[in-house]
Protein chains: 2
Amino acid sequence: MKRRNTQAQTDILNVLKATDRALSHEQLQAELEAKVDRATIYRVLNRFCEDGLVHKVMDDDGKQHFAYCAGCDKPNNKHQHNHFHFKCRKCGTVECLQHKVHIPLPEGYVVTDFNGMISGYCKKCAEEQQ
Amino acid sequence: MKRRNTQAQTDILNVLKATDRALSHEQLQAELEAKVDRATIYRVLNRFCEDGLVHKVMDDDGKQHFAYCAGCDKPNNKHQHNHFHFKCRKCGTVECLQHKVHIPLPEGYVVTDFNGMISGYCKKCAEEQQ
DNA sequence: TTATTATTGCGACTTAGTTGCAATAATAAG
DNA sequence: CTTATTATTGCAACTAAGTCGCAATAATAA
Ligand SMILES: [Mn+2]
Ligand SMILES: [Mn+2]
Ligand SMILES: [Zn+2]
Ligand SMILES: [Zn+2]
């Protein structure tokens with residue numbers, strides 16, 4: 001399937017490019033002044049993931065967040081998402097952390113995906129807390 | 001609220017104690033020959049999590065898995081779940097890996113939870129694959 | 001200009017997990 | 001042992017996130 005250029009796609013990609021955060025569907029839709037259908041947003045995001053333009057992270061509430069691939073590893077031309085994410089329980093932001101991880105696996109195991117998420121309170125919210 | 005001893009609870013805990021894996025609701029229910037209601041299973045599991053008896057991990061399909069706390073860190077009497085998990089895309093098992101991780105966070109950030117999950121194929125399934 | 005087909009919008013659907021409420025039963029009190 | 005208290009359970013209804021089928025739209029190729 002050859003990809004086509006559409007407004008919805010460029011709008012969504014621009015929102016993602018404009019931040020270093022991983023956005024939930026909800027957050028993304030809020031940023032899109034142009035009304036784009038829910039299902040379309042999900043389809044576009046999944047296409048971006050397939051194309052390696054964006055990566056998806058699952059938070060511990062089971063909600064997916066999408067981030068533009070900027071700080072991702074590219075060892076010998078292979079794209080890897082082995083970095084951690086931090087989710088603030090108060091303000092809800094999910095940020096990509098720089099820190100890369102390599103976890104030793106039992107012999108014979110094959111890795112296809114990595115999902116690392118730490119939750120807590122970001123500096124701002126931790127201070128406001130009390 | 002003081003806890004009471006019930007059959008459902010001991011059954012569920014026994015299933016979890018008998019394995020080193022993190023079980024989904026579905027997998028757990030399959031192990032329970034005694035019919036326990038879906039909602040009850042979830043409530044029991046969440047109670048166990050509150051009590052620090054069990055920990056919950058989210059897989060990248062947004063499905064939660066529960067494991068008995070055996071290999072969890074206990075620095076100065078504080079219970080921590082900073083280990084990784086491996087989920088096999090074929091057989092669906094989620095295992096707790098020994099490997100502990102400490103991720104450096106920006107100053108002022110406060111951690112409350114850790115969720116680390118690697119997906120791929122376990123040795124057995126990788127070999128069968130082809 | 002027309003044909004091809006990727007993409008969109010809409011609604012219906014699925015799946016995982018939660019919640020309200022009345023019934024049940026574990027523990028404490030008498 | 002009997003009764004009272006209330007944590008726990010089962011059931012059904014509900015929620016929320018994400019997916020899917022399908023007809024309409026529109027980007028690209030011919
Ligand atoms: Mn990436
Ligand atoms: Mn633990
Ligand atoms: Zn925050
Ligand atoms: Zn396997």
Side-chain angles (χ1 to χ4, degrees), chain A residues 1-16 22-51 53-67 85 87 89 92 94 113 115 117 119, chain B residues 1-16 22-51 53-67 85 87 89 92 94 113 115 117 119:
Chain A
M1 295 202 189
K2 195 125 172 273
R3 296 278 135 95
R4 296 181 179 178
N5 282 341
T6 69
Q7 196 57 48
Q9 286 176 130
T10 50
D11 286 351
I12 292 173
L13 192 56
N14 283 339
V15 171
L16 291 177
L23 303 181
S24 66
H25 161 86
E26 197 184 17
Q27 295 168 328
L28 191 53
Q29 190 154 57
E31 292 291 323
L32 289 169
E33 65 286 334
K35 283 280 172 289
V36 184
D37 185 69
R38 258 165 40 84
T40 300
I41 296 182
Y42 279 116
R43 280 190 278 229
V44 167
L45 289 171
N46 287 331
R47 243 177 281 146
F48 285 166
C49 285
E50 285 172 24
D51 297 349
L53 205 58
V54 159
H55 58 280
K56 187 196 298 198
V57 211
M58 188 61 75
D59 72 15
D60 41 16
D61 297 330
K63 214 174 290 184
Q64 40 191 36
H65 290 250
F66 300 85
H85 301 83
K87 170 168 181 172
R89 295 207 168 290
V94 175
D113 289 282
N115 198 91
M117 175 86 74
S119 301
Chain B
M1 295 203 189
K2 195 127 172 272
R3 296 277 135 96
R4 294 180 181 179
N5 282 342
T6 69
Q7 195 57 48
Q9 287 177 130
T10 50
D11 287 350
I12 292 175
L13 192 57
N14 283 340
V15 171
L16 290 176
L23 303 181
S24 66
H25 162 86
E26 197 183 18
Q27 295 169 328
L28 191 54
Q29 190 153 55
E31 294 290 324
L32 289 168
E33 64 286 334
K35 284 279 171 289
V36 185
D37 185 69
R38 261 165 38 82
T40 300
I41 295 182
Y42 280 116
R43 280 190 276 226
V44 167
L45 289 170
N46 287 331
R47 242 177 283 146
F48 285 166
C49 285
E50 284 171 25
D51 296 349
L53 206 57
V54 159
H55 59 280
K56 186 195 299 196
V57 212
M58 189 60 74
D59 72 14
D60 40 19
D61 297 329
K63 214 174 293 184
Q64 41 191 38
H65 291 250
F66 300 84
H85 301 83
K87 170 168 182 172
R89 295 206 167 291
V94 174
D113 289 282
N115 199 90
M117 175 84 73
S119 302

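These numbers were taken from a predicted model, which means no experiment stands behind them. Per chain, numbering begins at 1; letters A, B, ... match sequence-line order.
- If you measure from atom CD of B:Gln7 to atom P of C:dT24, you get 18 Å, rounded to the nearest angstrom.
- Residue contacts for B:Asn46: at a heavy-atom cut-off of 4.0 Å it reaches the sugar-phosphate backbone alone, with no base atom in range.
- Computed from coordinates, the B:Phe48 CZ to D:dT8 P distance equals 10 Å when rounded to whole Å.
- Put simply, the side chain of B:Asn115 never gets that close to the backbone of A:Asp60: no donor and acceptor are under 3.5 Å apart.
- Contact check, B:Lys2 against C:dA28: a side-chain N or O comes under 4.0 Å of OP1 or OP2.
- The phosphate of C:dA16 has neither OP1 nor OP2 within less than 4.0 Å of any side-chain N or O from B:Gln64.
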Using Watson-Crick or G-U wobble pairs with both distances under 3.5 Å, give me DNA chain D in dot-bracket, 5' to 3', with [ ] for crossers and | for pairs to another strand.
-> ||||||||||||||||||||||||||||||

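- Comparing A:Val44 and B:Met58 by the nucleotide of DNA chain C that holds the closest heavy atom to each, the one mapping nearer the 5' end is A:Val44.
- The distance from atom CD1 of A:Ile12 to atom CD of A:Glu31, rounded to the nearest 0.5 Å, is 12.5 Å.
- Whole-Å rounding puts the A:Asp59 CG to D:dA17 P distance at 10 Å.
- Judged purely by atom type and a 3.5 angstrom limit, A:Asp113 has no side-chain atom pairing as donor or acceptor with the backbone of B:Ser119.
- Among residue pairs with one or both ends in residues 33-44 of chain A, none qualify as salt bridge (charged side-chain N to carboxylate O under 4.0 Å, His left out); sequence neighbours excluded.
- With B:Gln27 contributing its side chain and B:Gly92 its backbone, the two residues share a donor-acceptor pair below 3.5 Å.
- For C:dT8, the OP1/OP2 oxygens have a side-chain nitrogen or oxygen of A:Thr6 closer than 4.0 Å.
- Proximity of a side-chain donor or acceptor of A:Gln29 to a complementary backbone N or O of A:Val36 within less than 3.5 Å is detected.
- In this structure, CD of A:Gln29 is placed 12 Å from C1' of C:dG9, rounded to the nearest angstrom.
- Among the heavy atoms of the strands, none lies under 4.0 Å from B:Glu26.
- Using a 30° and 60° split on the angle between ring planes, A:His55 and A:His85 fall in the tilted class, from 30° to 60°.
- For D:dT19, the OP1/OP2 oxygens have no side-chain nitrogen or oxygen of A:Tyr42 closer than 4.0 Å.
- Going from atom CZ of A:Arg4 over to atom NZ of A:Lys2 covers 9.5 Å, rounded to the nearest 0.5 Å.
- Atom pair A:Ile41:CD1 and D:dG18:C1' shows a separation of 12 Å (rounding to whole Å applied).
- Between the CZ atom of B:Arg47 and the P atom of C:dG17 there is a distance of 17 Å, rounded to whole Å.
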Is there any protein nitrogen or oxygen under 3.5 Å from a nitrogen or oxygen in nucleotides 10-15 of chain C, and what are the pairs?
| unit_1 | atom_1 | unit_2 | atom_2 | d |
| --- | --- | --- | --- | --- |
| C:dC10 | N4 | A:Arg43 | NH2 | 3.4 |

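- One finds no side-chain N or O of A:Arg3 lying less than 4.0 angstrom from the OP1 or OP2 phosphate oxygen of C:dT5.
- B:Leu45 has its CG atom 15 Å from the P atom of C:dT19, to the nearest Å.
- Put simply, CG on B:Leu13 is 14 Å from P on D:dT8, counting in whole angstrom units.
- Contact check for B:Asp61 versus B:Lys87: side-chain heavy atoms found under the 4.5 Å cut-off.
- The line from CZ of B:Phe48 to CG of B:Asn46 is 11.0 Å long, rounded to the nearest 0.5 Å.
- Side-chain to base pairing of B:Arg4 with D:dT6: one donor and one acceptor N or O lie within less than 3.5 Å of each other.
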